[in-house]
Amino acid sequence: SQPAKLSLQDFDIGRALGKGKFGNVYLAREKQTKLIVALKVLFKKQLDKHNVAQQLKNEIEIQYHSRHDNILKCYGFFYDEKRVYLILEYAPGGEMYKAMQKEGTFSEEKTAKYVVQLARALKYCHDRKVIHRDIKPENLLLDGAGNLKIADFGWSCLTTKPRQTFCGTLDYLAPEMVVGTAYDHSVDVWSLGVLMYECLVGKAPFEGATHDATFARITRDAIEFPRHVHMAEDAQELLRNILVKDPAKRLSLDAILASAWVARCAPGAATGALVRPAPPAG
Ligand SMILES: COCCOc1ccc(Nc2ncc(Cl)c(NC3CC3)n2)cc1
């Protein structure tokens, strides 16, 4: 049967969770089911002005049909004459980039948990021929147990040709995207490497003062590890094999999940369980 057609009257609206370029996200509760959701309100005028209506359809299509613990659920959408509303899963932990700002760096264990969860979510996407293309802390949320959720598929695509210019931070763009050559799912692997680096070091590996400086560093520089951050050798080794300019030489998601650093810092990841095994009874 078709899902029920919902409208704004079906929700009690709560506080604003975040303000975006095309509209805001509000905490909301569906009246019948009492389900707590995040309601993303987008203004049609803004969507038309920035010519992103097709991108939004993309986002809804991909997120609505995704079923994965580390991908934020889209329960549905509706619209009125001025706005489009996305009914999204509420992630109580908030935005990853805010947690990074607050904590500076994360422990190896917490970083490895994020790396494993992001790698699993990306495997799910890539198996379905979906490339996210815009993995960065601003697009990642945390649930109540600190699990990672990919939250924004605005830039994901089923093809491999970028339609519009990027906005926001370029730190996470893979070299081949910066150069504009054809690229594939391995651009998401590069971004996973940048995220791992930033979680452990506290800043992105190829940060530049300007866009051009960042572009130049992404395409030219070899990865460096600041001396004041004592990063374990197996972590450095893994990052050197992810942040490789040539996409064909970049590690696969499976290889990352099977790496020595993941085995040491996210025990049980290989078997799928990320929770600590209960101590033996008695
Ligand atoms: C003092 O308040 C600080 C903000 O605290 C939170 C912010 C956001 C969530 N969860 C959340 N879940 C789903 C979405 Cl789609 C979303 N989108 C918004 C644009 C991020 N935000 C929880 C807490």
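All residue numbers in this chain count up from 1 along the given sequence. When a ligand or atom number is given, it counts from 1 through the structure's own listing order. What you see is a predicted model; the values in this text were computed from it and never measured.
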Q | Pi-cation contact, Tyr124 with Arg128 (under 6.0 Å, within 45°) | A |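 Because its charged atom sits under 6.0 Å from the ring centre and within 45° of the axis, Arg128 does stack over Tyr124.
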Q. If you draw the axis of the six-membered ring of Tyr79, does the NZ or CZ of Lys57 fall within 45° of it and under 6.0 Å from the ring centre?
A. no
(Q) Could you measure the distance from the OH atom of Tyr197 to the CZ atom of Phe206? Nearest 0.5 Å is fine. (A)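 Rounded to the nearest 0.5 Å, the OH-CZ separation comes to 8.0 Å.
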Q. Heavy atoms only: which of Pro92, Ala91, Gly93 is nearest to atom 10 (N) of ligand 1?
A.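 Checking each option, the heavy atom nearest atom 10 (N) of ligand 1 is found in Ala91.
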(Q) For Thr214, run the side chain to side chain contact (heavy atoms under 4.5 Å, CB included) check against Thr219, Thr169, Val178, Asp171 and tell me which one passes. (A)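 Going through Thr219, Thr169, Val178, Asp171 one by one, the side chain to side chain contact (heavy atoms under 4.5 Å, CB included) with Thr214 is satisfied by Asp171 alone.
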Q | Criterion side chain to side chain contact (heavy atoms under 4.5 Å, CB included) against Lys149, the qualifying member of Asp143, Leu140, Leu118, Asn70 | A | Asp143
Considering only the protein, which heavy-atom contact is closest to [atom], and what is its distance?
atom                    : value
atom 4 (C) of ligand 1  : Leu17 O, 3.8 Å
atom 17 (N) of ligand 1 : Val25 CG1, 3.5 Å
atom 13 (C) of ligand 1 : Glu89 O, 3.3 Å
atom 19 (C) of ligand 1 : Gly18 CA, 3.8 Å

Under 4.0 Å from a heavy atom of [X]: which atoms of ligand 1 are those, numbered in the order shown and with their elements?
X      : answer
Ala38  : 13 (C), 14 (C), 15 (Cl)
Leu88  : 15 (Cl)
Leu141 : 12 (N), 13 (C), 14 (C), 16 (C)
Leu72  : 15 (Cl)

Q: Report yes or no: does Asn24 have a heavy atom closer than 4.0 Å to ligand 1?
A: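 No, Asn24 has no heavy atom closer than 4.0 Å to ligand 1.
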Q) Any Lys/Arg nitrogen of Asp80 or Arg83 sitting under 4.0 Å from an Asp/Glu carboxylate oxygen of the other? A) yes
Q) With the threshold set at 4.0 Å, does a side-chain nitrogen-carboxylate oxygen contact exist between Lys102 and Glu95? A)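 No, this pair does not count.
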Q.
I'd like to check whether Arg15 has a polar contact with ligand 1, where a contact means an N/O of the residue lying under 3.5 Å from an N/O of the ligand.
A. yes
Q: Heavy-atom distances under 4.0 Å are what count here, so tell me which part of Lys19 touches ligand 1: side chain, backbone, both or neither.
A: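 Neither part.
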Q) Counting heavy atoms only, which part of Glu95 comes closer than 4.0 Å to ligand 1: side chain, backbone, both or neither? A) side chain
(Q) Would you call the rings of His50 and Phe22 parallel, tilted or perpendicular, taking 30° and 60° as the class edges? (A) perpendicular
Q: For side-chain contact (heavy atoms from CB on, under 4.5 Å), just list the numbers for Asp134 and Asp152, CA-CA rounded to whole Å, side-chain angles, deciding distance to a tenth of an Å, and then say yes or no.
A: CA-CA 8 Å; Asp134 196 16; Asp152 184 329; 5.9 Å; no
